[in-house]
Amino acid sequence: MRSLVIGLGRSGAGLHLPVLRRLRDTAGRGLLADARIVGCDPAGPGTDFGSTEPVWTASVRQAARLLDPDETVAHVCTPPTARVPVLTELARHGFRNVVVEKPLAADTGDLEEILRLRDSAGLRLAVVAPWLASELTRRLVNLVHDGRLGRLRSVSVVQSKPRFRRSLSTTGHPTAFDVELPHSLGVALRLAGPAEVISASCADLVLGDRRMARLGGAGMRLRHTGGVRTHLMSDLAAPVRERRITLRFERGTATGNYAVGSDDDHAQLMVAAAGLHEHSVFPDDSLGLCLLNAYRAFAGRTEDRPGDFELAVDVVRLIAAAKARPEIADERRLVTTGRTASHVD
Ligand SMILES: NC(=O)c1ccc[n+]([C@@H]2O[C@H](COP(=O)([O-])OP(=O)(O)OC[C@H]3O[C@@H](n4cnc5c(N)ncnc54)[C@H](O)[C@@H]3O)[C@@H](O)[C@H]2O)c1
């Protein structure tokens with residue numbers, strides 16, 4: 001399979017290209033073609049790819065002249081607000097195997113259009129969900145199912161990082177709900193099953209006299225049908241990076257830390273219960289695993305992973321429900337005090 005990476009920004013050039021190059025020489029050898037990756041971005045080829053790749057094109061039409069769509073995986077790494085035109089263009093030029101960055105859509109209108117397009121054009125869509133492919137998540141799922149800590153009671157996730165530069169210079173993510181929460185929400189649904197939103201919060205990003213509406217942070221509380229409660233909180237004005245998940249069981253607690261950046265792909269897990277304290281650190285190349293799973297499914301070497309696409313659809317719907325909560329819709333009640341935002345608890 002050859003690769004076409006559409007959108008050569010932080011995700012396309014900074015994450016997908018290096019992971020594809022690495023996979024080609026390791027676990028993906030023989031599956032990923034030993035041929036130059038094609039990139040597509042009307043804004044230009046970007047600046048620092050660290051090698052001669054990719055072959056740059058300005059449109060999907062140009063890229064289609066260089067590739068056989070049947071033997072190509074297209075990676076849609078454009079901002080969430082630019083999914084529908086890119087997928088329409090890919091379908092028009094015969095591309096069917098598509099990896100789409102999270103979130104699958106920016107709102108439910110786009111989501112319905114994408115689902116229609118998928119059905120009418122026969123697109124095979126795999127949504128990038130590194131946390132679902134992650135080794136840490138696999139271990140957490142095992143803890144939920146093996147029952148040694150009793151029943152799962154609650155899930156809470158903290159996703160903190162400073163995101164000033166990107167929020168001040170790009171417009172592709174309409175709110176803080178669209179930045180980090182798609183990762184943790186997918187995991188919460190995998191661990192505890194279907195859920196409804198019971199409350200949500202959102203804060204502005206404040207830097208000096210500049211204010212970016214709804215980009216400072218977001219939080220949501222969920223009630224799962226099985227009774228588990230989930231609290232997700234993303235602070236985009238934090239001075240430090242952290243991606244921590246805590247699972248509280250009847251008889252113990254599991255605390256996991258996902259890798260916080262592409263420079264060190266190790267995760268950690270601590271399990272504590274009466275008379276038990278386990279701490280493990282392990283490699284967790286979750287984006288690599290996620291892309292490899294997609295290529296294997298597209299090449300027919302494995303079945304499509306059942307449920308993952310439906311989970312991505314549920315994530316978009318629940319994030320839309322959170323954004324539509326009365327407390328979020330009412331601008332006057334937005335918390336606008338930067339780091340002291342009330343969603344940080
Ligand atoms: N930034 C991250 O660390 C990160 C990590 C994981 C996932 N993501 C996801 O990846 C997606 C992209 O985010 P990003 O941070 O890379 O954005 P970005 O702004 O850095 O890059 C987006 C690129 O897409 C290009 N683009 C826009 N419209 C296009 C079109 N129609 N055709 C081709 N190219 C087009 C832009 O010119 C830009 O270069 C988002 O959905 C985001 O949630 C980002």
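Remark: side-chain polar atoms of Ser169 are paired, donor with acceptor, to backbone N or O of Arg165 under 3.5 angstrom. Proximity of a side-chain donor or acceptor of Arg24 to a complementary backbone N or O of Ala35 within less than 3.5 Å is detected. Looking at Thr57, its side chain does come within 3.5 Å of a backbone N or O of Gly39 through a donor-acceptor pair. The main-chain N or O of Glu89 is found under 3.5 Å from a side-chain atom of His93 such that the two form a donor-acceptor pair. Judged purely by atom type and a 3.5 angstrom limit, Arg296 has no side-chain atom pairing as donor or acceptor with the backbone of Leu291. Asp110 contributes no side-chain N or O that, together with a main-chain N or O of Ala105, makes up a donor-acceptor pair within less than 3.5 Å. A donor-acceptor pair under 3.5 Å links the side-chain atoms of Asp284 to the main chain of Leu136, judged by distance alone. Looking only at distances, a side-chain donor or acceptor of Arg243 sits under 3.5 Å from a matching main-chain atom of Ala259. Panel note: side chain Gln62, backbone Ala58; a donor-acceptor pair is recorded below 3.5 Å. Judged purely by atom type and a 3.5 angstrom limit, Thr108 has no side-chain atom pairing as donor or acceptor with the backbone of Leu111.
Thr175 contributes atom OG1, which lies 8.5 Å from atom CD1 of Ile328 (distance to the nearest 0.5 angstrom). We find the CZ-CD distance between Arg163 and Glu180 to be 8.0 Å, quoted to the nearest 0.5 Å. Atoms OG1 and CG, on Thr230 and Leu185 in that order, are 8.5 Å from each other to the nearest 0.5 Å. Atom CG in Asp70 sits 8.5 Å away from atom CE in Met1 (nearest 0.5 Å). The CZ atom of Phe95 lies 12.0 Å from the CD atom of Glu71; values are rounded to the nearest 0.5 Å. Of the inter-residue distances, the one linking Met233 atom CE with Asp235 atom CG reads 5.5 Å to the nearest 0.5 angstrom.
Under a hydrophobic clustering in which Ile, Leu, Val, Met, Phe, Trp and Tyr are joined whenever their side-chain heavy atoms come within less than 4.5 Å, directly or via other members, Leu311 and Leu140 fall into the same cluster. A chain of hydrophobic side-chain contacts below 4.5 Å, direct or via other Ile, Leu, Val, Met, Phe, Trp or Tyr residues, connects Val144 to Leu276. The hydrophobic clustering, which links ILVMFWY residues whose side-chain heavy atoms are closer than 4.5 Å, places Val260 and Leu15 apart. Placement of Leu23 and Leu289 in two distinct hydrophobic clusters is found when ILVMFWY residues are connected by side-chain heavy-atom separations under 4.5 Å, directly or transitively. Placement of Met270 and Val141 in two distinct hydrophobic clusters is found when ILVMFWY residues are connected by side-chain heavy-atom separations under 4.5 Å, directly or transitively.
Between His279 and Leu269, every side-chain heavy-atom pair lies at or beyond the 4.5 Å cut-off. Between Arg153 and Arg229, the closest side-chain pair of non-hydrogen atoms is not below 4.5 Å. Side-chain contact between Thr225 and Pro194 is present, with at least one heavy-atom pair separated by less than 4.5 Å. Counting heavy atoms from C-beta on, the side chains of Thr255 and Ile245 never come closer than 4.5 Å. Counting heavy atoms from C-beta on, the side chains of Val98 and Arg124 never come closer than 4.5 Å. The shortest side-chain heavy-atom distance between Arg214 and Pro174 does not fall under the 4.5 Å cut-off. Annotation: side chain of Leu90 is not in contact with side chain of Leu123 (no heavy-atom distance under 4.5 Å). Thr246 has its side chain out of reach of Val155: every pair of non-hydrogen atoms, C-beta onward, lies at least 4.5 Å apart.
Closest of all the heavy-atom pairs between Leu205 and Ala237 is CD1-CB, 3.8 Å. Smallest separation of non-hydrogen atoms from Val99 and Val73: CG2-CG1, 3.7 Å.
A donor atom on one side chain and an acceptor atom on the other are found under 3.5 Å apart for Glu101 and His16. For the residue pair Glu327 and Ser201, no side-chain donor N or O sits within less than 3.5 Å of a side-chain acceptor on the partner.
More than 12 non-hydrogen atoms from other residues, nucleotides or ligands lie less than 6.0 angstrom from CZ of Arg251. Within a 6.0 Å radius of CZ in Arg148, more than 12 heavy atoms belonging to other residues, nucleotides or ligands are found.
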Exercise for the section: Starting from the C-alpha separation in whole Å, work towards a yes-or-no answer on salt bridge (Lys or Arg N to Asp or Glu O under 4.0 Å) for Asp308 and Arg190. Expected result: CA-CA 9 Å; Asp308 277 10; Arg190 164 72 48 82; 2.5 Å; yes
Exercise for the section: In sequence, state the C-alpha distance, the side-chain angles, and the governing distance for Val5 and Cys77, and then conclude on side-chain contact (heavy atoms from CB on, under 4.5 Å). Expected result: CA-CA 7 Å; Val5 177; Cys77 300; 4.2 Å; yes
Exercise for the section: Could you walk me through whether Val271 and Leu149 pass the side-chain contact (heavy atoms from CB on, under 4.5 Å) test, one step at a time? Expected result: CA-CA 9 Å; Val271 180; Leu149 299 177; 3.9 Å; yes
Problem - Worked check of side-chain contact (heavy atoms from CB on, under 4.5 Å) between Tyr295 and Ser3 - result: CA-CA 10 Å; Tyr295 274 70; Ser3 307; 2.7 Å; yes
Practice task
Quick one: do Asn293 and Phe298 satisfy side-chain contact (heavy atoms from CB on, under 4.5 Å)? Show the steps, please.
Solution key: CA-CA 9 Å; Asn293 288 339; Phe298 291 145; over 6 Å; no
Handout entry: Evaluation steps, side-chain hydrogen bond (donor to acceptor under 3.5 Å, both in side chains), between Gln268 and Ser280
Key = CA-CA 6 Å; Gln268 308 204 13; Ser280 44; over 6 Å; no
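In this structure Phe249 satisfies the ring pair (Phe, Tyr, Trp, His ring centres under 6.0 Å) test with no other residue, sequence neighbours excluded. Shown here are the side-chain contact (heavy atoms from CB on, under 4.5 Å) partners of Thr78, two or more places apart in sequence or in another chain: Ile6, Val76, Ala82, Arg83, Val86.
A salt bridge links Arg139 and Glu135; the closest N-O separation between the charged side-chain nitrogens and carboxylate oxygens is under 4.0 Å. The pair Lys102-Asp178 does not meet the salt-bridge criterion, since no charged nitrogen lies less than 4.0 angstrom from a carboxylate oxygen. In summary, Arg29 and Asp34 do not engage in a salt bridge, as defined by a charged side-chain N under 4.0 Å from a carboxylate O.
Only one option out of Val179, Leu236, Leu181 pairs with Gln159 in a side chain to side chain contact (heavy atoms under 4.5 Å, CB included); it is Leu181. The salt bridge (charged side-chain N to carboxylate O under 4.0 Å, His left out) with Arg317 is formed by just one residue from the set Glu112, Glu310, Glu196; it is Glu112.
Aromatic ring orientation, Trp131 versus His183: parallel (interplanar angle below 30°, classes split at 30° and 60°).
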